[in-house]
There are 2 protein chains.
Amino acid sequence: MLKRSFDSIGWALPVNSSASTKERILTAAEALFAQRGFEAASLRQLTAAAGVNLAAVNYHFGSKDNLVEEVFKRRLDQLNNRRLAALKQVTAQSETTLEDVLGAFIRPALDLSHDGGGGLFMRVLARAFAEHDDSLRKFLSDNYGHVMRQFTTEFAKLLPGLSKEELYWRIDLVTGALTHAMSGFGIIQRKSDVSETTHREQTAEHLIRFAAAGLRAP
Amino acid sequence: MLKRSFDSIGWALPVNSSASTKERILTAAEALFAQRGFEAASLRQLTAAAGVNLAAVNYHFGSKDNLVEEVFKRRLDQLNNRRLAALKQVTAQSETTLEDVLGAFIRPALDLSHDGGGGLFMRVLARAFAEHDDSLRKFLSDNYGHVMRQFTTEFAKLLPGLSKEELYWRIDLVTGALTHAMSGFGIIQRKSDVSETTHREQTAEHLIRFAAAGLRAP
DNA sequence: CGATAAACAAAACGATCGTTTGACTGGTCC
DNA sequence: GGACCAGTCAAACGATCGTTTTGTTTATCG
């Protein structure tokens with residue numbers, strides 16, 4: 001198989017021994033999926049990392065596929081809720097700027113990369129994006145659709161000169177830039193003398209500045 | 001395993017029966033890797049699609065890993081050459097605009113998605129991006145580095161007001177938007193009444209307009 | 001022609017995969 | 001106490017994986 005620099009996990013998983021078996025599986029799954037991908041991550045690696053029996057996955061989740069779906073749902077619901085809450089907050093202000101809405105779109109996504117105990121989920125999502133599965137597309141559309149529609153409506157208000165098609169295109173490109181930044185693949189790497197929080201805020205600022213100008217393009 | 005809408009390939013591969021075994025394997029591999037991923041695509045599916053014997057892969061390429069690398073190299077070399085040629089052409093003009101350089105960066109990548117017999121490679125690349133493997137990062141850096149440096153130099157000339165760090169960030173975000181657009185995952189889908197060529201040119205125009213504004217952001 | 005080597009094909013190899021089975025545990029309720 | 005049940009565990013199942021082996025065909029060249 002492909003030689004990877006992490007044929008063994010290499011770092012200890014933060015297994016909370018007091019957590020339930022289900023929780024421990026979910027936590028380990030998120031990390032392992034992010035690191036190895038859905039197909040390459042085996043249930044034997046996963047259950048060993050989680051400190052549970054091999055059969056526990058099929059017992060608690062029915063199948064590996066269901067586990068994948070659960071890992072997704074857990075984080076996507078979080079992201080959706082935070083995005084909508086942030087959007088509600090900025091639109092409640094007397095004057096809402098494009099940067100405000102972009103912040104509500106971008107910051108919860110970047111935040112997700114480091115809290116909730118995981119922080120690797122965005123890589124999972126980036127991988128899933130790339131997998132380009134039709135059933136995944138439908139799943140994301142079902143779970144993301146209403147959020148994207150709300151943001152699109154707000155963007156449209158703030159960019160009245162844009163045609164619908166042009167607007168869809170540009171939001172799509174913003175999503176691409178955001179996904180790329182989140183996946184951490186880009187050339188920009190956090191320097192060791194910058195804290196994770198600071199780096200995330202810098203990323204958000206760069207993204208918002210870039211995206212705002214792109215959206216406002218003539 | 002994950003239920004996919006294409007558990008069987010579903011469409012006939014354009015296997016040129018006169019092509020050499022090596023070529024047929026490479027062509028089939030590119031399509032299958034794009035569709036299923038590197039890990040999920042089995043040599044049995046691959047060789048069946050290519051119309052060659054199972055052992056042919058290990059005979060001609062040594063291993064599945066080497067095959068993956070060859071698939072990459074073949075397309076990346078093409079992309080690098082076309083980008084550099086396009087860049088050389090626009091910088092030879094009396095006046096080079098930011099849009100020109102962006103076109104030289106973006107158009108060869110978009111073109112790659114539909115010619116050369118494959119057209120699925122960019123999905124492969126997008127997947128690879130998301131896999132976030134360190135060895136892959138090194139591989140891409142080795143094969144991409146000099147091209148990116150040349151483009152960065154040109155961008156720097158055209159955007160004298162930008163700090164180096166800011167410039168790196170913005171080029172990275174442009175790359176993200178480009179990758180996303182190429183992967184075809186976005187909400188924007190080609191309509192059936194638009195030809196592939198037209199759709200590609202529209203994509204290029206949207207991308208260039210968006211990226212130029214983003215790069216020029218105050 | 002005979003020799004040499006590259007190319008192809010069929011079959012099997014050991015390993016690993018997701019999943020299932022059946023036994024055993026500890027606790028809960030009648 | 002005995003019946004019940006969710007949970008855990010070791011062990012095994014059949015399938016599929018990448019790779020190797022072994023033998024045959026095909027082509028090249030002295």
Side-chain angles (χ1 to χ4, degrees), chain A residues 1-4 6-9 15-33 35-72 124 127 131 133 135, chain B residues 1-4 6-9 15-33 35-72 124 127 131 133 135:
Chain A
M1 301 292 336
L2 290 173
K3 267 189 204 162
R4 302 187 181 279
F6 36 70
D7 262 338
S8 66
I9 294 189
V15 170
N16 185 344
S17 57
S18 73
S20 73
T21 300
K22 259 185 117 164
E23 284 295 332
R24 286 162 68 184
I25 290 174
L26 280 171
T27 304
E30 186 168 307
L32 199 60
F33 287 161
Q35 205 163 45
R36 311 271 274 138
F38 302 112
E39 315 253 11
S42 78
L43 292 185
R44 283 169 180 81
Q45 295 173 339
L46 204 161
T47 50
V52 303
N53 187 270
L54 169 62
V57 170
N58 283 281
Y59 178 79
H60 285 285
F61 296 93
S63 70
K64 184 181 179 180
D65 281 2
N66 286 345
L67 172 60
V68 171
E69 202 165 307
E70 286 298 321
V71 169
F72 260 87
V124 180
R127 292 188 75 123
E131 301 225 353
D133 190 319
S135 62
Chain B
M1 299 298 330
L2 288 173
K3 266 190 203 162
R4 302 186 181 278
F6 37 69
D7 262 338
S8 65
I9 294 191
V15 172
N16 185 345
S17 56
S18 72
S20 74
T21 300
K22 259 186 115 164
E23 284 295 332
R24 286 162 69 182
I25 290 174
L26 280 171
T27 304
E30 185 168 308
L32 199 59
F33 287 161
Q35 204 161 45
R36 310 272 273 138
F38 301 113
E39 316 253 13
S42 77
L43 292 185
R44 284 169 179 82
Q45 297 173 338
L46 204 163
T47 51
V52 303
N53 187 272
L54 168 61
V57 170
N58 284 280
Y59 178 79
H60 284 286
F61 296 92
S63 70
K64 185 182 179 180
D65 281 2
N66 287 345
L67 172 61
V68 171
E69 202 165 306
E70 286 298 320
V71 169
F72 260 88
V124 180
R127 292 188 75 123
E131 302 224 353
D133 190 320
S135 63

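Lettering follows sequence order; numbering is per chain, from 1. Keep in mind the model is a prediction, meaning the values are calculated, not measured.
In this structure, A:Asn58 atom CG and D:dG7 atom P are separated by 15 Å, rounded to whole Å. Rounded to an integer number of Å, the gap from A:Leu43 CG to D:dA11 C1' is 16 Å. Between the CD atom of A:Glu39 and the P atom of C:dG18 there is a distance of 10 Å, given to the nearest Å. One can place CG of A:Leu46 at 13 Å from C1' of C:dC17, the figure rounded to the nearest angstrom. What separates NZ of B:Lys64 from C1' of D:dC17 is a distance of 8 Å, to the nearest Å. The interatomic distance linking B:Asn66 (CG) with D:dG18 (P) rounds to 14 Å, in whole Å. Summarising the geometry, the separation between CD1 on B:Ile25 and C1' on D:dT19 is reported as 14 Å, rounded to the nearest angstrom.
Between A:Phe38 and A:Phe72, the distance separating the two ring centers is shorter than 6.0 angstrom.
The terminal axes of the helix from C:dC1-D:dG30 to C:dC30-D:dG1, fitted over 5 pairs per end, subtend an angle of 10° to the nearest 10°.
B:Ser42 has no side-chain polar atom (N or O) that falls below the 4.0 Å cut-off from OP1 or OP2 of D:dT16.
Legend: residues meeting side-chain contact (heavy atoms from CB on, under 4.5 Å) with B:Leu26, ordered by chain and number and at least two apart, are B:Phe61, B:Leu67, B:Glu70, B:Val71, B:Arg74. With sequence neighbours excluded, the residues forming a side-chain contact (heavy atoms from CB on, under 4.5 Å) with B:Thr21 are B:Ile25, B:Val52, B:Ala56, B:His60, listed by chain and number.
Note that the CG atom of A:Leu46 and the OG1 atom of A:Thr27 stand 10.5 Å from one another [nearest 0.5 Å]. With values rounded to the nearest 0.5 angstrom, B:Asn66 atom CG is found 9.5 Å from B:Asn58 atom CG.
Summarising the geometry of A:Arg24 relative to A:Gly51, their closest heavy-atom pair is NH2-O, 3.3 Å, with the distance given to 0.1 Å. Between A:Ala41 and A:Lys64 the shortest heavy-atom distance is O-NZ, 2.7 Å. Annotation for A:Gln45 and A:Ala40: closest pair OE1-O, 3.9 Å, computed over non-hydrogen atoms. Of all the heavy atoms in B:Ser42 and B:Leu32, the pair that sits closest is O-CD2, 4.0 Å.
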Got a list of protein N/O to nucleotides 7-12 of chain C N/O distances below 3.5 Å?
| unit_1 | atom_1 | unit_2 | atom_2 | d |
| --- | --- | --- | --- | --- |
| C:dA7 | OP2 | B:Tyr59 | OH | 3.3 |
| C:dC8 | OP1 | B:Thr21 | OG1 | 2.6 |
| C:dC8 | OP2 | B:Thr21 | OG1 | 3.4 |
| C:dC8 | OP2 | B:His60 | NE2 | 2.8 |

